[in-house]
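One structure below.
Only this structure's heavy atoms are used, side chains among them; waters, hydrogens and symmetry mates stay out. The chain is numbered in sequence order, starting from 1.
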Amino acid sequence: MGYLCYYDLVESLIVSSYGGAQDAEQRDIRTAIHRAYDELTTIRDWAYYHVHGRVITRAPVTATLTGGTDLSAGLLEVSGGLAASDYTHVRVGDRISEITCADPGTNTFWNLSDTVTFPSGTVASGDTAVFFKSLYALPDDFRNLDEPSDEYNWWSGLYVTPDQAMKIERVSNSSGEPYHWTILKDPNGTGWVIKLVGYPTTAETIDFIYRRNARPIRYSGHEPALRQGTIARSNKNVTGTGTAFSSAMVGSILRVGDTTNHPGPIESFTPWISESKITAYSSATAITTETSGTIASSTKYLITDPMDVAQHMQKALDSCCDYWLARIRGVKTDEAFSLYQRDLRLAMEQDQLAPISGRSRYVWHDGGWRSPLQADVG
């Protein structure tokens, strides 16, 4: 089964809308595809996007505060350097403060948060400080997750809201399992973190199933730089002549035509002969592909992004593109929406990997479903 690519959807919309390759038509077609892709991939927690994630907890470290501690400047100094700079909190007695940055080893001052620091007179030289980590970065493509599981328990921790996590941490000061947990914006990045309350006391793995975001799309294959020059290939190594390969093309699909024609969609008069994912970039004239093969010199090609959807989602995506193009152009919107809803329902009915016939009798919380097909309605 070949890839469904950005290029295929552009060509499909050109055909269905009786359009051409003019810039204005390309722009509204591209807009329709991007909006449809964003909508379909997030409208449901599709089984295709369920993946395994893991964070590794860090054991806390105890140190003694020295005379260099200066709370008025938001600084703590400890005796000797600390081995890691990624601790997120420090606990002195019954008080906890966030850490914003640190330079362990050479500079033993730890900068406390400007807004979450210790009151004056509550922390002094000679006090014992426990540095720990309770915030763990989630994968870059994270969207939402199921209940985590530690190494030793089915899991007896509970999800709490960020507000509840703050209050539990403030009054309980607990450590070790079971952890309460919540999801927060990464204070030091653009992604998300899982917060464990009480904080871990050992290094262990926390596993979870999460829903990832679909791979972004950028290249349709109609851009001049995505088809300029020619190529040849030996095994997995592709050599270009007059090409403009870039590192941003890693993960995209190389489609191969012949020495006369650029590769068209599979239903065209000049369909692509082969296709393969680009796995590495070396230079503007050299890339590596996932599969091997031989391509004659002076062969035409194009590079396009794959649509990150399961096979049973493809028709729904195609119909969603038709709907969004009709909506943008204000033409036959209701008809396009009705067809999209039909294909979306069929895709949702096929979106199950363990139907009732495949149920296990030995796993807790087991379940499955299969809804019967219903009559199409307008």
Side-chain angles (χ1 to χ4, degrees), residues 1-13 15-16 29 32-53 139 141-147 208-217 220 251-253 255 265-267 271-272 275 277 290 304-327 332-378:
M1 185 70 184
Y3 291 98
L4 174 68
C5 293
Y6 192 172
Y7 180 85
D8 301 317
L9 293 177
V10 171
E11 292 295 309
S12 176
L13 288 183
V15 170
S16 65
I29 283 174
I33 292 170
H34 278 265
R35 292 182 180 178
Y37 189 51
D38 288 343
E39 176 178 315
L40 185 73
T41 57
T42 59
I43 201 170
R44 173 188 175 92
D45 283 338
W46 299 96
Y48 185 71
Y49 302 118
H50 288 58
V51 291
H52 182 193
D141 59 359
F142 168 83
R143 191 160 69 89
N144 59 55
L145 58 73
D146 294 324
E147 181 181 70
F208 48 85
I209 296 298
Y210 74 98
R211 259 68 57 193
R212 64 176 179 86
N213 288 310
R215 181 185 185 274
I217 56 172
S220 75
S252 297
I253 304 302
R255 281 190 171 169
I266 198 67
E267 65 272 13
W272 49 266
E275 60 178 2
K277 182 180 293 185
E290 187 175 44
T304 180
D305 277 330
M307 306 306 294
D308 189 11
V309 296
Q311 183 177 350
H312 64 271
M313 299 166 61
Q314 292 181 3
K315 288 186 177 61
L317 177 59
D318 196 18
S319 295
C320 191
C321 291
D322 288 333
Y323 162 66
W324 270 104
L325 185 60
R327 182 172 170 177
K332 298 182 178 180
T333 305
D334 290 343
E335 179 181 340
F337 183 73
S338 177
L339 292 172
Y340 164 47
Q341 291 301 294
R342 174 191 180 277
D343 290 341
L344 179 62
R345 177 179 61 79
L346 292 175
M348 288 183 173
E349 288 181 346
Q350 296 176 71
D351 191 54
Q352 34 80 39
L353 304 179
I356 291 176
S357 60
R359 289 182 63 177
S360 167
R361 300 180 181 180
Y362 306 105
V363 180
W364 299 346
H365 308 302
D366 181 47
W369 59 270
R370 181 190 291 274
S371 59
L373 292 176
Q374 304 295 323
D376 293 337
V377 294

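- The CD atom of E275 sits 11.0 Å away from atom CD of E290, with the distance rounded to the nearest 0.5 Å.
- Salt bridge D8/R255: present, at least one basic N to carboxylate O contact under 4.0 Å.
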Query - Working for side chain to side chain contact (heavy atoms under 4.5 Å, CB included), residues I29 and W324 - result: CA-CA 9 Å; I29 283 174; W324 270 104; over 6 Å; no

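- Note: S220 OG to Y6 OH = 5.5 Å, rounded to the nearest 0.5 Å.
- Between I43 and L344, the closest side-chain pair of non-hydrogen atoms falls below 4.5 Å.
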Requested in this report: Step by step, work out the side chain to side chain contact (heavy atoms under 4.5 Å, CB included) result for K315 and L346.
Outcome: CA-CA 9 Å; K315 288 186 177 61; L346 292 175; over 6 Å; no

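- No side-chain heavy atom of Y210 sits under 4.5 Å from any side-chain heavy atom of R143.
- The two residues A32 and C321 come nearest to each other via the heavy atoms CB-O, 3.9 Å.
- Atom OG in S252 sits 10.5 Å away from atom CD1 in I217 (nearest 0.5 Å).
- Residues Q311 and L4 form no side-chain contact, since every pair of their non-hydrogen atoms from C-beta on lies 4.5 Å or further apart.
- Here the side chains of T41 and Y49 are in contact, with some heavy-atom distance below 4.5 Å.
- For the atom pair OG of S16 and CG of L325, the computed distance is 6.5 Å after rounding to the nearest 0.5 Å.
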**Report entry** Step-by-step salt bridge (Lys or Arg N to Asp or Glu O under 4.0 Å) determination, R215 to D305
**Finding:** CA-CA 9 Å; R215 181 185 185 274; D305 277 330; 3.2 Å; yes

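- Checking each of L13, L339, D343 against D322 for a side-chain contact (heavy atoms from CB on, under 4.5 Å) leaves exactly one that passes, namely L13.
- Comment: D308 engages R212 in a salt bridge, judged by a side-chain N to carboxylate O separation of less than 4.0 angstrom.
- Under the 4.0 Å criterion applied to side-chain N and carboxylate O atoms, R35 and E39 are not assigned as salt-bridge partners.
- Within the 4.5 Å cutoff, the side chain of Y3 has heavy atoms near those of the K277 side chain.
- Between M307 and L9, some side-chain heavy-atom pair lies under the 4.5 Å cut-off.
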Query raised in the report: For R327 and F337, what are the C-alpha separation, side-chain angles and deciding distance, and is it a side chain to side chain contact (heavy atoms under 4.5 Å, CB included)?
Result: CA-CA 9 Å; R327 182 172 170 177; F337 183 73; over 6 Å; no

Report task. Begin with the C-alpha distance, continue with both residues' side-chain angles, and end with the deciding distance and a verdict on side chain to side chain contact (heavy atoms under 4.5 Å, CB included) for N144 and D45. Result -> CA-CA 9 Å; N144 59 55; D45 283 338; 3.4 Å; yes

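- Atoms CD1 and CG, from I33 and D38 in turn, are 12.0 Å apart once rounded to the nearest 0.5 Å.
- A side-chain contact (heavy atoms from CB on, under 4.5 Å) with W272 holds for exactly one of I253, T304, I266; it is I266.
- Atom CG in L40 sits 4.5 Å away from atom CE in M313 (nearest 0.5 Å).
- Side-chain atoms of Y323 and E335 include no donor-acceptor pair closer than 3.5 Å.
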